[in-house]
Amino acid sequence: MKPNWVYIKDFKDHVGELIEFRGWVWNKRSSGKIAFLQLRDGTGFVQGVAEKKDFDDETFEKIRKIKMETSVILRGIVRKDERSPLNVELSINYIEIVHEPKEDYPISKKEHGIDFLMENRHIWIRSRRQFHILKIRNEVIKAIRDFFNENDFVLIDTPIFTGSIGESAGNTFELDYFDYGKVYLAQTGQLYLEAACMAFGKVFNLGPTFRAEKSKTRRHLIEFWMNEAEVAFYRHEENIKLQESLVYYIVNRVLENCEEDLREIGRDVDKLQKVSLPFERIAYTDAVKFLNKKGFDIEFGDDFGADEETAIASQFEKPVFVEKYPRKIKAFYMQPCEENPEVVMCDDLLAPEGYGEIIGGSERIWDEDLLIERLLECNLPVEEYEWYLDLRKYGSVPHSGFGLGVERTIAWICGLEHIREAIPFPRTLYRVYP
RNA sequence: UCCGGGUUAGCUCAGCGGUAGAGCGGGUGGCUGUUAACCACUAGGUCGGGGGUUCGAAUCCCUCACCCGGAGCCA
């Protein structure tokens, strides 16, 4: 009888059994009479052992000389073995080569430069470190969906093609849309979520966004995933609470389900375990005072750069909200503060360890006249915002929302040096291949 | 876009005015428990493109292309 196909993640439940393995050989070591095949199958990594005595000469020679990334079907006994790093290994007694590479596999066990790795991203994702990072990404995205589902939010998929509205003009990708004229790739789904929250109360989205910014740093992607939420009747305080609960939930889900992945990539798990509710909070004006004390040449009305953000965040072991920024340096739609209209009811959430802003949120202006005034102040074409202004005409209510940068969150949770490893196929300033 | 750094063997890099090097990977052989396995032998290069200086350029200068790091902007 043909043995059952078992995935590596389930090997521990099949000790002593004859099973079938389907996957790839990612490395091998061989001596004269024993060969060690390092195997992977998409659920994990395990070592296979083939002894000469179990094969005819020709087959054993084939095993000894097997090329990296050969795809194989193997059969053998799963054994508990203290000498093996995972405590289980596969004692092979049958091999079927599905496909043997004609050329040597480009990614070797030694070091590679980032240009070479990015050029080979389509196969780099087979490597252990990338595998674990992308598994964590998978968990982060699952956690986001679960959080909103458990809290009665409705998923609203906002469009990728949009008209010429958004937070800021200049940074959009422009495309021809048949005879209609120009359309733009979405920089945000916020304005659509604002419309949807007036229909469904609590809404969220999760999808790619595009910024034609010539940003070239370890925190920027041209195409990145954003998770946005918008809630009718929520004010600043409720908005903040929602944000911190979400981030707390994500971190805990990763700790719960991906601790092994975190350890495999060398992440200091203790640092993530220190993340607790509530998060720290600091008002923009106090942040400026703090920065002045630290020697930064900055005054009310200046925005914070990377160094300033890092200085603020590095005081804390968990994320910190910076709230109530000056109206002048923030987007047109943010609701001014009642006590001081020079600042708006907004917040940025800064991740610890210098990872910078992972969330930007605010209370939205819900009065039509004030919104028009702000559009004009920001030199935005009021006529393009007609449908957005409509939302303030029919039963307008205060509402608040935010956007979470998915890759920045992953980069922080994984402790990555660069955001490009947080997405399967990154689009950066000078790279769209593969 | 600006400021730095870089482009030499399949990969990672050294060489920085006098005939092109190492480690890894590849090939061949050896080894019964290896863990980026090890040991021996071996093949492999228009030194990113173009132009210039020089008796002589991978090396110095100019230029173009591409990549990397950072800034601004932002998630």
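The sequence lines fix the lettering, A, B, ..., with proteins before strands; numbering per chain opens at 1.
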If you measure only the distance, is there a donor-acceptor pair under 3.5 Å linking the side chains of A:Glu228 and A:Thr188? yes

- Please determine if A:Arg40 forms a cation-pi arrangement with A:Trp24, meaning its NZ or CZ atom is less than 6.0 Å from the six-membered ring centre and no more than 45° off the ring axis. yes

- Ring centre gap for A:Phe316 and A:Phe279 strictly below 6.0 Å: no

| field | Distance flag, aromatic centroids of A:Phe304 and A:Tyr284, threshold under 6.0 Å | value | yes

Among [options], find the nucleotide with the atom closest to the side chain of [X].
X: A:Ile114; options: B:rG29, B:rC73, B:rC68; value: B:rC68
X: A:Ile34; options: B:rU32, B:rC74, B:rA71; value: B:rU32
X: A:Arg219; options: B:rC73, B:rU1, B:rG27; value: B:rC73
X: A:Lys67; options: B:rG27, B:rC73, B:rG33; value: B:rG27
X: A:His112; options: B:rU12, B:rC74, B:rA75; value: B:rU12
X: A:Arg218; options: B:rG25, B:rC74, B:rG69; value: B:rG69
X: A:Leu429; options: B:rG27, B:rU1, B:rC74; value: B:rU1
X: A:Lys216; options: B:rG70, B:rC74, B:rG33; value: B:rG70
X: A:Tyr430; options: B:rU32, B:rC67, B:rG72; value: B:rC67
X: A:His418; options: B:rG33, B:rA75, B:rG69; value: B:rG69

Exercise. Less than 4.0 Å between a side-chain N and a carboxylate O, is that true for A:Asp146 and A:Arg253?
Worked result: yes

I'd like to know if A:Glu17 pairs up with A:Lys12 as an ion pair, taking the criterion as any Lys NZ or Arg NE/NH1/NH2 lying under 4.0 Å from an Asp or Glu carboxylate oxygen. no

Calculate the interatomic distance between [X] atom [atom1] and [N] atom [atom2]; express it in whole Å.
X: A:Glu61; N: B:rG27; atom1: CD; atom2: C1'; value: 14 Å
X: A:Ile66; N: B:rG27; atom1: CD1; atom2: P; value: 13 Å
X: A:Asn120; N: B:rG25; atom1: CG; atom2: P; value: 18 Å
X: A:Lys28; N: B:rG33; atom1: NZ; atom2: C1'; value: 17 Å
X: A:Leu349; N: B:rA75; atom1: CG; atom2: P; value: 13 Å
X: A:Ile419; N: B:rG70; atom1: CD1; atom2: P; value: 12 Å
X: A:Asp302; N: B:rC73; atom1: CG; atom2: C1'; value: 15 Å
X: A:Leu37; N: B:rG33; atom1: CG; atom2: C1'; value: 13 Å

Let's test your reading of the model: under 3.5 Å, does the base of [N] pair with the side chain of [X] as donor and acceptor?
X: A:Arg431; N: B:rC66; result: no
X: A:Ser215; N: B:rC73; result: yes
X: A:Gln47; N: B:rU34; result: yes
X: A:Glu417; N: B:rG69; result: no
X: A:His220; N: B:rC74; result: yes

What does [X] touch in the nucleic acid at a heavy-atom separation under 4.0 angstrom: a base, only the sugar-phosphate, or nothing?
X: A:Lys65; answer: sugar-phosphate
X: A:Ser30; answer: base
X: A:Asp348; answer: nothing
X: A:Gly305; answer: sugar-phosphate
X: A:Phe116; answer: sugar-phosphate
X: A:Leu221; answer: base
X: A:Arg64; answer: base

task: Evaluate the ring planes of A:His112 and A:Phe116, with Trp represented by its six-membered ring, and classify them as parallel (under 30°), tilted (30 to 60°) or perpendicular (over 60°).
output: parallel

Please determine, for [N], whether a Watson-Crick or G-U wobble partner exists with both distances under 3.5 Å, and give it or none.
N: B:rU7; answer: B:rA65
N: B:rU54; answer: none
N: B:rA71; answer: B:rU1
N: B:rC47; answer: none

For nucleotides B:rG21 and B:rG15, find the distance between their C1' atoms and express it as a whole number of Å.
7 Å

key: C1'-based separation of B:rU42 from B:rC3 [nearest Å]   = 47 Å

*Does the pair A:Glu238 and A:Arg235 meet the rule for a salt bridge (charged side-chain N to carboxylate O under 4.0 Å, His left out), with working shown?*
CA-CA 6 Å; A:Glu238 293 152 312; A:Arg235 309 302 291 254; over 6 Å; no

Closest to the 5' end of RNA chain B, once A:Ile222 and A:Ser31 are matched to their nearest nucleotides, is A:Ser31

Comparing A:Gly405 with A:Ala306, nearest RNA chain B nucleotide closer to 5' gives the residue A:Ala306

Distance test, side-chain N/O of A:Arg420 to OP1/OP2 of B:rG69, below 4.0 Å: yes

Item to complete: Indicate whether A:Phe36 forms a stack on B:rG33; treat it as stacked only if centroid distance is below 5.5 angstrom and interplanar angle below 30 degrees.
Response: no

